[in-house]
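Below: the structure, in structure tokens.
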2 protein chains.
Amino acid sequence: MPELPDLAVYADNLMAQLKGKTVQSVDYHRDARLNTSHEELRNSLCKTSIASVERSGKEIAFFFSNNATLFVHLMLFGKFTITPDPVAVRFRVLTIGFGGSLSLVVSDPKDLVTVKVNPIPSSVPDALEIDGTYLRRKVAERPRVRAKAFLMDQAIMRGIGNAYADEILWQARISPKSTVGRIPDHAIDDFLISIRSVLTEAIEEIKRQSPEIISGEVRGFLRVHNSKRSESPTGHRIMKEKKGSQVTYFTQEQVLYI
Amino acid sequence: MPELPDLAVYADNLMAQLKGKTVQSVDYHRDARLNTSHEELRNSLCKTSIASVERSGKEIAFFFSNNATLFVHLMLFGKFTITPDPVAVRFRVLTIGFGGSLSLVVSDPKDLVTVKVNPIPSSVPDALEIDGTYLRRKVAERPRVRAKAFLMDQAIMRGIGNAYADEILWQARISPKSTVGRIPDHAIDDFLISIRSVLTEAIEEIKRQSPEIISGEVRGFLRVHNSKRSESPTGHRIMKEKKGSQVTYFTQEQVLYI
DNA sequence: GCCCCAAACAACGA
DNA sequence: CTCGTTGTTTGGGG
């Protein structure tokens, strides 16, 4: 499942391929997980064109020239495909046909993808938008939450999933089991810097390795959340812990604040 | 900390000593853990007399002739003292002076005692009031709760604490870790019978051993929740498990329903 | 091991 | 581990 950096690159690439294209057809292939009716979806996008594509949290947001918006959350297994032959795509959820016999298909073998037309914008900031004041306020509000759960809580900041939570916490040298309220002030600064640097550098790396990507993940460069690696870049053994189906990778370098 | 049987005997003995006595003074010695103001407390009990004293769950309920009620929960370390010299009692929380220079003092070194004036009566039945229909309904509502947690849940039935939960479960031959929804129907009957018999027999035993008791506990006769014993009355080794600060005593005789 | 509450944890469905 | 929800357990503070 793609996370924030992958999705950021998807957005850029979807925009590069689709900007200015006019919607000719809209087909929603199932009944559920759409915040409105099929008709409303179709009417909202009728004959308009794509103005821009952005990432917002873990969603891809399509902005249309008629001011309609379409937010797609890929969940665990969703995929984007741009193809002249949409019918060939298995597990279609949504097909948008454009002029020039090109279609954007959203597909998902597990049908977990969510699609929202003109949703109310979230009031929760994106992980790349937060500042130190906000971070400290949230830490003060939820002082007893573990650092990893804090990063992954989409009601605190949007976009960070399991893999990048581990990467950020390693970069900040904070143990995932730390209680956020116990992280000293100077380490909160590192925490914020790590959130930004890990995510923005990952975006650059994914662009470098996969300039056209609109589906799939690039994960080989991850420093600790990486089953291929046994040591962090600084030579510490990577430990792995499983809780339910969530795997956490971390090292002893990361300080446990309790 | 006293449990239901101790508290039942306290109530009888407090009533025996205080019934008919007229309140001359009311002093509340701290600010918190009272459901009303100091004034309201004082006004409610002004010049009235004690009509009866009862146990309700883990609280001692004083009923006054003006229809006022006063509920005291001793929590972990609370104590009642009847004395001509209340000032000599350490850690006083509440002092009620009666005619004849006699005072009832509620004290607590940890200040956890709660005091309620004219509280809304609880809708949860006392442990000695439930019947088979109620027990089966609650089991059906919360089938996955562990047997010990079920007995101790004051929202299911009121009055049972750590020690008597162990005693009842041993008497019923049900493991404390059983999931209540898995207890077969015939064993639910034993369960109910054990709740009643363990508690009522304990009340009789405490009365026998300590006819005047209004504070402290009588625990020597407990069959398994008893650090002095290594074997149950039927000769099975008593096992001890600690979870947080809660100690559970049980034996292999107790069937684990899962 | 008193109560309350927040948070953690588990399971499940979509 | 994606989100949401429900139910239960755990841990800290009073």
Side-chain angles (χ1 to χ4, degrees), chain A residues 1-4 7 30-34 57-59 72-78 93 108-116 122 141-155 158-166 176-177 179-182 225 242-248 258, chain B residues 1-4 7 30-33 57-59 72-79 93 108-114 116 122 141-156 158-166 176-177 179-181 225 241-249:
Chain A
M1 49 307 294
E3 289 193 28
L4 186 152
L7 293 165
R30 62 180 183 182
D31 291 327
R33 302 197 150 241
L34 175 62
K58 298 187 192 180
E59 292 173 298
V72 177
H73 194 311
L74 296 179
M75 304 297 268
L76 287 171
F77 312 107
V93 164
D108 180 0
K110 289 289 188 197
D111 251 17
L112 298 177
V113 161
T114 66
V115 177
K116 295 182 220 159
S122 172
E141 283 172 11
R142 314 276 306 286
R144 306 170 48 73
V145 189
R146 306 271 207 274
K148 180 156 179 176
F150 183 89
L151 276 178
M152 292 178 66
D153 186 340
Q154 307 298 306
R158 291 179 304 120
I160 297 171
N162 194 45
Y164 283 94
D166 287 353
K177 293 171 189 165
T179 271
V180 292
R182 302 296 191 145
H225 191 96
K242 207 167 186 160
K243 179 165 59 170
S245 60
Q246 180 180 269
V247 180
T248 295
I258 284 197
Chain B
M1 49 306 298
E3 290 192 28
L4 186 151
L7 293 165
R30 61 177 184 186
D31 291 328
R33 298 190 161 249
K58 297 185 190 180
E59 292 173 299
V72 177
H73 194 313
L74 296 179
M75 304 297 268
L76 287 170
F77 312 107
K79 269 176 102 156
V93 164
D108 180 0
K110 289 290 187 194
D111 250 17
L112 298 177
V113 161
T114 66
K116 296 181 219 157
S122 173
E141 281 172 11
R142 316 275 307 285
R144 306 173 46 75
V145 192
R146 306 270 208 274
K148 180 156 179 176
F150 183 89
L151 276 179
M152 292 178 66
D153 186 341
Q154 308 298 306
I156 295 174
R158 291 179 304 120
I160 297 170
N162 194 45
Y164 283 94
D166 287 353
K177 294 171 189 164
T179 272
V180 291
H225 190 97
E241 280 189 15
K242 207 168 185 159
K243 180 164 59 170
S245 58
Q246 180 180 267
V247 180
T248 295
Y249 294 88

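For the numbers below, each heavy atom of this structure counts, side chains included, while hydrogens, waters and symmetry mates do not. Note on naming: letters A, B, ... go to the chains in the order of the sequence lines (proteins, then strands), and numbering restarts at 1 for each one.
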**Prompt:** Atom NZ of B/K79 and atom CG of B/L74: how far apart are they, to the nearest 0.5 Å?
**Reply:** 11.0 Å
Measure all distances between protein nitrogen or oxygen atoms and nitrogen or oxygen atoms of nucleotides 2-7 of chain D, and list the pairs falling under 3.5 Å.
{"unit_1": "D/dT2", "atom_1": "OP2", "unit_2": "A/K58", "atom_2": "NZ", "d": "2.9"}

**Request:** Determine the minimum heavy-atom distance between A/L7 and A/G57, stating which atoms define it.
**Result:** CD1-O, 4.4 Å
**Request:** Just do the side chain to side chain contact (heavy atoms under 4.5 Å, CB included) check on B/Q246 and B/M152 with the steps written out, would you?
**Result:** CA-CA 12 Å; B/Q246 180 180 267; B/M152 292 178 66; 3.4 Å; yes
**Ion pair check, B/D166 and B/K148, cut-off under 4.0 Å** = yes
**Message:** Students often get this wrong, so: under 4.0 angstrom with heavy atoms, is B/V113 touching a base, only sugar-phosphate, or nothing?
**Reply:** nothing
**Message:** Before you tell me yes or no, could you show the steps for A/K58 and A/H73 under side chain to side chain contact (heavy atoms under 4.5 Å, CB included), namely the whole-Å CA-CA distance, both residues' side-chain angles and the distance that decides it to 0.1 Å?
**Reply:** CA-CA 6 Å; A/K58 298 187 192 180; A/H73 194 311; 3.6 Å; yes
**Message:** Once ring pair (Phe, Tyr, Trp, His ring centres under 6.0 Å) is applied, do any residues pair with A/F150, and if so which ones, sequence neighbours excluded?
**Reply:** none
**Message:** So, taking the atom named CZ in B/R33 and the one named CE in B/M75, what distance separates them when rounded to the nearest 0.5 Å?
**Reply:** 5.0 Å
**Item:** Step-by-step side chain to side chain contact (heavy atoms under 4.5 Å, CB included) determination, B/R30 to B/D111
**Value:** CA-CA 9 Å; B/R30 61 177 184 186; B/D111 250 17; 3.8 Å; yes
**Complete:** Assign each of A/R182 and A/Q246 the nucleotide of DNA chain D bearing its closest heavy atom; nearer the 5' end lies the nucleotide of A/Q246
**Complete:** In the 5' to 3' direction, the nucleotides of DNA chain C bounding the stretch that comes under 4.0 Å of a heavy atom in chain B are C/dG1 to C/dC3
**Asked** Please give, in whole Å, the distance from D/dG11 C1' to A/R146 CZ?
**Response** 9 Å
